[in-house]
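The block underneath contains the structure these notes are about, expressed in structure tokens.
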Amino acid sequence: MSNVRVRFAPSPTGFFHIGSARTALFNWLYARHTDGKFVLRIEDTDAARNTEEALDVLLKGMRWLGMDWDEGPEIGGEYGPYFQSQRGEIYKEYLGKLTEAGRTYEKDGAIFFKLEGERYTEYDEYHKQEMEKVRAAPVEIDDAIRGKVVRAESRDFVIFRADGSPTFHFVNVVDDITMQITHVIRGEDHLSNTSKHVELFNAFGAKPPQFAHLPLILKDPKMGKGKMSKRDKGSLIEEYQERHFLPAAVRNAVALLGWNPGDDREVMDIGEIIEAFDIKDIQKGAARFDEAKMAHINFQYLKELPVETYAWFARPVLTEKGLLEEDHCEDHLQRVLAICQEKITSIEALPEFCGYFFTDDYPVNEKAEKKALKKGNHAELASQVLESLSKVEASGWTVDALDKAFGELAAAHGQEKPFMWWPLTRFAVSGVSSGPDFLPMLEVMGRDMVLRRLEKMAG
RNA sequence: GUCCCGUUCGUCUAGCCAGGCCUAGGACACCGGGUUUUCAUCCCGGCAACAGGGGUUCGAAUCCCCUACGGGAUGCCA
């Protein structure tokens with residue numbers, strides 16, 4: 001085990017944003033890669049919006065993506081509590097240290113952190129007023145992604161509000177010190193704040209952790225400017241859960257958001273990702289999230305799934321849509337899925353793709369109908385197929401037998417191949433013009449269903 | 001305004017730190033062709049980028065400077 005201790009410190013808002021998930025994942029990957037500890041710390045100081053449900057969304061999302069934490073909610077750990085709302089005593093104690101060192105003062109009921117350096121007054125263009133500023137020594141941040149970043153703070157800042165609650169900058173630093181965090185991997189929006197944090201670490205006489213600031217995930221320019229927000233489509237992990245994406249695929253896609261293994265690998269199992277992951281390979285530039293790529297990766301995972309597992313994911317989706325009885329024969333389900341799995345790119349599209357295997361109440365696609373009927377008189381063609389296929393016994397209803405029956409049908413009409421009957425037949429039994437391979441589809445459907453639907457078309 | 005960060009195909013990116021192997025590679029998307037006389041799969045092909053300008057150098061996507069653009073910070077939000 002290494003001494004690496006990283007943390008993910010979300011504020012439960014009721015959403016699990018893809019950017020947060022990425023930050024969590026990178027921390028988790030780094031912990032697993034280095035055989036260190038991954039700490040989950042809940043920043044629930046804003047009582048108004050931090051509810052039980054909000055925390056639940058977060059924890060469920062973490063687990064769904066397979067990110068387990070070594071210390072944190074529900075499991076505890078030796079550096080707890082892991083909820084900021086329960087760490088008041090610790091914050092008071094650390095405030096005392098600062099006050100003792102003469103680094104605080106009170107103003108308007110709030111407690112400020114006092115910077116060291118020459119003081120002067122200057123008109124501030126942003127605040128549109130005269131303000132007291134400090135010529136503090138520049139702080140040097142050695143960022144694992146950006147390199148050396150130098151930035152100087154110029155104003156004292158609030159660490160305890162007038163209502164007595166500590167601010168983000170303060171609790172963040174105190175928690176990182178007391179939880180002995182060695183690496184802080186977080187979004188770039190915190191890079192400018194880091195000089196504040198380093199000032200605080202220094203004031204406490206603590207060594208700042210290794211920082212690594214992740215590039216931001218920007219929204220689609222068509223949707224506006226700035227970083228991706230929870231209102232943007234595709235930005236919430238919950239959305240992928242609801243759409244039945246495979247968690248491993250989502251995790252893989254999220255890992256690729258600003259990181260890559262340095263070669264052409266994209267679809268990787270989690271062990272591979274953990275092994276390859278390193279902070280130095282993280283991108284500097286901001287990225288735009290591409291849903292199409294996520295879908296592609298998801299499909300790659302879907303194709304590789306054993307049909308048993310595929311059925312495990314698919315069954316609830318089909319049941320939800322009312323296509324499948326709870327106790328529907330597992331073997332039959334798997335036979336259907338086996339011929340669909342390679343053709344279909346998402347679980348989400350499955351009900352539409354294969355619903356007709358399970359119910360007679362399936363929609364008829366008009367375009368497919370037009371296409372199928374172009375081949376000739378549909379009632380006539382259907383009755384020809386019906387006549388031919390009814391000769392195949394239920395016990396011998398196989399691809400081979402069906403192929404043979406179609407062959408004989410063709411021969412009887414002086415055709416070399418039976419393909420003129422195929423589109424019509426497919427349409428008659430499924431209502432659409434595309435789907436699984438034709439003969440296997442008929443075989444899996446079974447004699448009764450196929451003949452029944454052909455009869456209907458034959459009139 | 002000030003400070004900080006960034007900028008390679010439409011998108012994600014490799015290459016940049018250690019300049020020549022880059023006529024800039026891969027993937028997604030898109031377009032075309034093929035297979036499957038179904039198809040959303042699969043196969044083949046195509047399109048398409050070093051933000052701009054100066055330098056340094058025999059040689060720059062790679063090093064330096066400037067400009068432009070994008071982003072972030074500048075909260076008693078986190």
Side-chain angles (χ1 to χ4, degrees), chain A residues 9-11 13 43-46 49 84 107-112 122-128 131 133 138 141 143 145-147 149-155 157-169 171-172 186-196 213 215-216 218 220-221 225-227 253 256-267 280-281 283-297 299-300 302-303 340-346 349 352-353 368 371-372 417-420 422-427 430 432-439 441:
Chain A
S11 175
T13 57
E43 308 216 331
D44 59 346
T45 46
D46 189 346
R49 63 180 193 192
Q84 283 183 342
K107 196 177 115 191
D108 302 332
I111 299 171
F112 282 72
E122 184 185 70
Y123 180 78
D124 187 288
E125 200 61 46
Y126 182 72
H127 293 92
K128 306 286 180 203
M131 300 193 100
K133 304 239 170 141
I141 301 149
D143 191 276
I145 296 169
R146 322 252 147 206
V149 177
V150 180
R151 193 170 184 278
E153 281 301 316
S154 62
R155 289 178 53 215
F157 53 92
V158 173
I159 51 176
F160 269 75
R161 302 182 188 93
D163 69 3
S165 62
T167 63
F168 162 75
H169 301 302
V171 294
N172 211 260
R186 56 169 27 163
E188 194 190 352
D189 44 344
H190 289 298
L191 183 56
S192 302
N193 292 149
T194 305
S195 42
K196 282 191 183 69
H213 287 94
L216 262 21
L218 269 25
D220 190 317
K225 285 179 159 194
K227 52 180 179 175
L256 258 14
L257 234 43
W259 172 83
N260 67 78
D263 51 39
D264 291 339
R265 282 179 295 167
E266 286 193 334
V267 175
K280 72 174 172 50
D281 297 319
Q283 227 59 52
K284 285 189 177 72
R288 243 160 227 100
F289 178 64
D290 186 4
E291 228 187 299
K293 189 112 181 189
M294 167 91 91
H296 173 257
I297 291 173
F299 178 45
Q300 301 309 309
L302 241 22
K303 270 199 300 195
C340 297
Q341 188 175 356
E342 280 198 25
K343 299 269 182 175
I344 189 166
T345 58
S346 72
E352 196 187 333
F353 188 82
K371 206 168 151 190
K417 295 282 182 187
F419 298 132
M420 63 176 283
W422 281 24
L424 184 275
T425 307
R426 174 184 286 278
F427 174 71
S430 71
V432 287
S433 59
S434 65
D437 287 336
F438 180 63
L439 293 174
M441 176 181 80

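Predicted model, so just to flag it, every value in this text is computed and none were measured. Convention: sequence-line order gives letters A, B, ...; per-chain numbering from 1.
- Taking atom CZ on Arg426(A) and atom P on U36(B), their separation rounds to 15 Å, with Å as the unit.
- Rounding to whole angstrom units, CZ of residue Phe289(A) and P of G10(B) are separated by 21 Å.
- OP1 or OP2 of C76(B) has not a single side-chain nitrogen or oxygen of His169(A) nearer than 4.0 Å.
- When both pairing distances are held under 3.5 Å, G75(B) makes no Watson-Crick or G-U pair with any nucleotide shown.
- In this structure, Arg151(A) pairs ionically with Glu153(A), as a charged nitrogen and a carboxylate oxygen lie closer than 4.0 Å.
- Counting distance only, with no hydrogens placed and no angle test, the side-chain atoms of Lys293(A) and the base atoms of A27(B) include a donor-acceptor pair under 3.5 Å.
- Listed nucleotides G75(B), C4(B), U41(B) differ in distance to Phe299(A); the shortest reach to its side chain belongs to U41(B).
- Computed from coordinates, the Trp422(A) CH2 to U37(B) C1' distance equals 8 Å when rounded to whole Å.
- Put simply, NZ on Lys280(A) is 11 Å from P on C16(B), counting in whole angstrom units.
- For A14(B), the OP1/OP2 oxygens have a side-chain nitrogen or oxygen of Gln283(A) closer than 4.0 Å.
- Between the CZ atom of Arg161(A) and the P atom of C77(B) there is a distance of 5 Å, given to the nearest Å.
- Comparing the same atom, P, in C22(B) and in C12(B) gives a spacing of 25 Å after rounding to whole Å.
- Rounded to whole Å, the distance from CZ on Arg288(A) to P on G6(B) is 17 Å.
- A donor-acceptor contact shorter than 3.5 Å is absent between the side chain of Arg426(A) and the backbone of Val432(A).
- Note that Lys343(A) lies outside the cation-pi zone of Phe353(A), set by a 6.0 Å cut-off to the ring centre and a 45° limit from the axis.
- Closest approach to the Thr345(A) side chain among G1(B), C76(B), U41(B) is made by U41(B) (side chain taken as heavy atoms from C-beta onward).
- Side-chain proximity of Ala110(A) to C5(B), G75(B), C76(B): nearest is C76(B).
- The residue Lys107(A) sits close to a base: some heavy atom pair falls under 4.0 Å.
- The NE2 atom of His296(A) sits 14 Å away from the C1' atom of U11(B) (whole-angstrom rounding).
- The CG atom of Leu302(A) sits 7.0 Å away from atom CD of Gln341(A), with the distance rounded to the nearest 0.5 Å.
- Counting any heavy atom pair closer than 4.0 Å across all strands shown, Asn260(A) reaches sugar-phosphate atoms only and no base atom.
- Out of G1(B), A78(B), C5(B), the shortest distance to the side chain of Arg146(A) is found at C5(B).
- Counting only heavy atoms from C-beta on, Lys303(A) has its side chain closest to U41(B) among U13(B), U41(B), A78(B).
- Under 4.0 angstrom from either OP1 or OP2 of U2(B) there lies no side-chain N or O belonging to Arg151(A).
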